[in-house]
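Atom set for the values below is all heavy atoms of this structure, side chains included, hydrogens, waters and symmetry mates excluded.
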Amino acid sequence: MFTMIGSLVFILGLCVLFYVLLHDSASKVSEVVEGNVFINGTASIAETDHNFICATLDYGPSDHCDHGFCWGKATLLDLDLNNKILQNAVKAFSPLKIRMGGTLQDRMIYETPGDLKPCNPMAVNSSGLFGFSEGCLPMSRWDELHSFFKQTGAIVTFGLNVLYGRSVESSFSVVGDWNSSNAEALLRYTANKGYRILGWELGNELSGKGIGTRLTPEQYASDLKALQNLVNDVYSGFVVKPLIMAPGGFFDRNWFKDFVDLANDTVQVVTHHIYNLGVGADHHLIGKILDPSYLNGVVSPVSGLQDNLQTSRTSAVAWVGEAGGAANSGCHLVTDAFLSSFWYLDQLGIAATRDTKTHCRQTLIGGGYGLLNSSTFLPNPDFYSALLWHRLMGSRVLSTNFLVMKNIRAYSHCSKNSTGITLLLINLDGKMTAKVRVSVKDDSENGTLILPQEGGPSHKDRLSSTSRGSVTNQSFREEYQLTAKAGDLQTQVTVLNGRILNVDSSGNFPELKPMILNQSDVVTIAPYSIVFVRFPGINITACL
């Protein structure tokens with residue numbers, strides 16, 4: 001008991017320290033700096049799935065706690081699927097990809113007809129693998145989940161238990177082949193019920209050195225072949241079969257290279273996990289989130305995986321299958337606060353530019369890093385950040401460079417379901433206001449479009465050399481400015497264009513209304529703020 005009290009006091013002390021540091025920075029006088037964003041509109045540099053945003057539902061008992069933060073009833077086994085806020089949150093994306101899985105998926109068995117043993121939930125058990133007893137997924141819960149997915153329009157993937165029927169040696173290596181009989185029962189039940197599954201993912205965090213245990217690339221490739229045969233058999237009469245996905249682990253260049261070469265055409269989606277901030281109890285989290293050089297560390301795994309895919313014979317694509325910022329449930333009032341949107345949106349931008357097709361946030365709900373609060377179901381700030389990305393940023397990614405200011409992060413895409421382009425600007429500086437000019441170049445027509453500023457040459461003069469890359473008569477732009485309530489980066493309240501975003505008493509979400517501004521006005525980014533800017537009147541070759 002004294003150990004638990006000491007841990008809680010320690011975490012509380014860290015949060016107080018975080019608060020003091022943030023408010024000390026925010027109290028300093030802001031300076032104004034001018035800068036330029038250059039966008040190449042000739043061709044896209046990468047392409048994501050149309051539905052890039054994804055969120056996870058994880059396993060775990062309600063008494064599962066990390067550094068004093070407990071999950072409660074916020075896992076796929078016991079989550080209240082009838083909660084109106086939860087339902088509306090998923091519906092808001094129309095559709096949202098949901099990945100079901102996590103570390104404990106490999107400790108799960110699936111209830112099958114005629115089972116003699118009771119289908120008991122898992123429990124914390126220090127002597128069990130990963131620190132938990134084996135658990136069971138009842139088919140009644142599976143039915144409830146799919147009813148929820150159908151009602152909300154979600155697109156789902158599911159992580160299968162690759163350790164089923166195996167033992168683990170003292171060296172943490174896995175012994176024997178995967179016993180696919182339990183997975184086969186689940187697949188047949190799912191197909192017979194007509195439940196739609198986008199993909200079946202095999203295993204979780206067993207690549208490279210693994211977490212708790214590990215598989216060799218050779219064994220993983222063999223297991224995937226067994227899954228492929230199973231999927232082909234179960235879905236033999238289906239026009240479209242579910243994707244086969246793996247390995248859902250941390251990127252290890254040599255391990256992944258061997259795995260991709262061996263799996264070849266067996267796997268359609270190669271998934272990896274990113275927790276670039278370390279663990280939730282790390283008292284350096286805030287500094288890491290606001291440090292551009294630290295955020296750039298994400299480039300290595302996403303680029304490395306693309307290198308592996310491009311140099312192999314595979315046609316598989318890359319997903320970030322799980323990313324929560326900080327591992328072990330994140331950190332309350334950091335990874336579930338406004339501050340979290342800085343690393344999250346930046347990671348979305350980096351992953352998209354490296355041709356990552358989908359990015360799954362850990363979690364939709366659960367732990368200290370959910371898009372929704374685990375107890376109240378109310379949206380945390382990252383929910384609104386994810387929703388704006390989903391609605392504004394299209395699948396085609398544009399080359400974007402920001403000069404002068406290292407603390408400004410800039411990403412642009414062709415707009416989603418709309419003409420024009422959308423620019424995302426992230427200000428990691430608490431003292432600096434940025435005044436930004438936007439230039440768009442379209443080399444295919446030797447034209448450079450510089451959005452005219454007040455007092456500059458006329459619209460016509462600016463665009464005289466631009467043909468295909470051009471501005472139409474839509475001379476306005478839409479702007480979505482996200483800031484923290486009262487400037488407190490550890491708040492869980494988001495302000496959009498000066499208006500606090502609140503869910504009403506019926507569980508309905510607020511409209512995300514933009515400010516309508518003159519296209520020629522300078523884009524202003526306040527300290528510690530995020531701005532999405534949609535230019536509907538800019539038509540470039542890359543977006544046609």
Would a distance-only check, ignoring hydrogens and angles, find a side-chain to backbone donor-acceptor pair under 3.5 Å from [X] to [Y]?
X      : Y      : value
Ser44  : Arg396 : no
Arg409 : Leu425 : no
Asn497 : Gln481 : yes
Asp49  : Phe52  : no
Ser529 : Ile525 : no
Thr400 : Tyr411 : no
Asn204 : Gly101 : no
Thr363 : Gly366 : yes
Arg141 : Leu77  : yes
Ser395 : Glu47  : no

Residues forming a side-chain hydrogen bond (donor to acceptor under 3.5 Å, both in side chains) with [X], sequence neighbours excluded:
X      : result
Lys357 : Asp355
Asn373 : Thr376
Lys225 : Gln228
Ser340 : Trp343, Asp382

Nearest-0.5 Å distance that lies between atom [atom1] in [X] and atom [atom2] in [Y]:
X      : Y      : atom1 : atom2 : value
Ser303 : Asn308 : OG    : CG    : 11.0 Å
Leu137 : Met139 : CG    : CE    : 4.5 Å
Leu482 : Leu424 : CG    : CG    : 9.0 Å
Thr356 : Leu305 : OG1   : CG    : 7.5 Å
Ile53  : Met393 : CD1   : CE    : 9.5 Å
His359 : Asn51  : NE2   : CG    : 15.5 Å

Is there a side-chain contact between [X] and [Y] (heavy atoms, below 4.5 Å)?
X      : Y      : answer
Glu201 : Arg99  : yes
Ile274 : Val298 : yes
Leu364 : Val90  : yes
Arg499 : Pro510 : yes
Val267 : Met245 : no
Tyr235 : Pro242 : yes
Phe377 : Ile365 : yes
Ile540 : Leu398 : yes

Tyr164: ring-ring contact (aromatic ring centres under 6.0 Å, His included) partners, not counting sequence neighbours: none

By ring-ring contact (aromatic ring centres under 6.0 Å, His included) - contacts of Phe532 (at least two apart): none

Looking at every heavy atom in both [X] and [Y], which two are closest together, and how far apart are they?
X      : Y      : value
Asp336 : Pro381 : O-CD, 3.6 Å
Leu163 : Val174 : CD2-CG2, 3.7 Å
Cys543 : Gly420 : SG-O, 4.2 Å
Thr422 : Leu392 : OG1-O, 3.2 Å
Gly324 : Thr335 : O-CG2, 4.1 Å
Ala263 : Ala221 : N-CB, 4.0 Å

Under 6.0 Å between ring centres, would you say that holds for [X] and [Y]?
X      : Y      : value
His273 : Trp319 : no
Tyr189 : Trp142 : no
Phe383 : Phe509 : yes

Audit row: Ile197, Val156, side chain to side chain contact (heavy atoms under 4.5 Å, CB included) steps and yes/no: CA-CA 6 Å; Ile197 294 285; Val156 298; 3.9 Å; yes

Ion pair Arg188/Asp233, N-O distance below 4.0 Å: yes

Salt bridge Asp223-Arg166, side-chain N to carboxylate O under 4.0 Å: yes

Parallel, tilted or perpendicular: ring planes of Tyr369 versus Trp71, cut at 30 and 60 degrees: perpendicular

Geometric class of the His272/Phe256 ring pair [parallel <30°, tilted 30-60°, perpendicular >60°]: perpendicular

Side chain to side chain contact (heavy atoms under 4.5 Å, CB included) evaluation trace for Leu428 with Leu295: CA-CA 11 Å; Leu428 300 172; Leu295 296 180; 3.9 Å; yes

Residue pair Asp78, Thr75: steps toward the side-chain hydrogen bond (donor to acceptor under 3.5 Å, both in side chains) verdict: CA-CA 6 Å; Asp78 50 21; Thr75 75; 3.0 Å; yes

Side-chain donor-acceptor contact under 3.5 Å, [X] with [Y]:
X      : Y      : result
Asn161 : Gln105 : no
Thr358 : Lys97  : yes
Asp115 : Thr112 : yes

Geometric cation-pi criterion Arg361 and Tyr344, 6.0 Å radius, 45° cone: yes

Derivation of the side-chain hydrogen bond (donor to acceptor under 3.5 Å, both in side chains) call for Thr56 and Asp58: CA-CA 6 Å; Thr56 70; Asp58 211 333; 5.6 Å; no

Working for side chain to side chain contact (heavy atoms under 4.5 Å, CB included), residues Ile530 and Asn427: CA-CA 6 Å; Ile530 296 160; Asn427 190 350; over 6 Å; no

Verdict with reasoning, Trp200 to Thr190, per side chain to side chain contact (heavy atoms under 4.5 Å, CB included): CA-CA 11 Å; Trp200 295 103; Thr190 303; 3.9 Å; yes

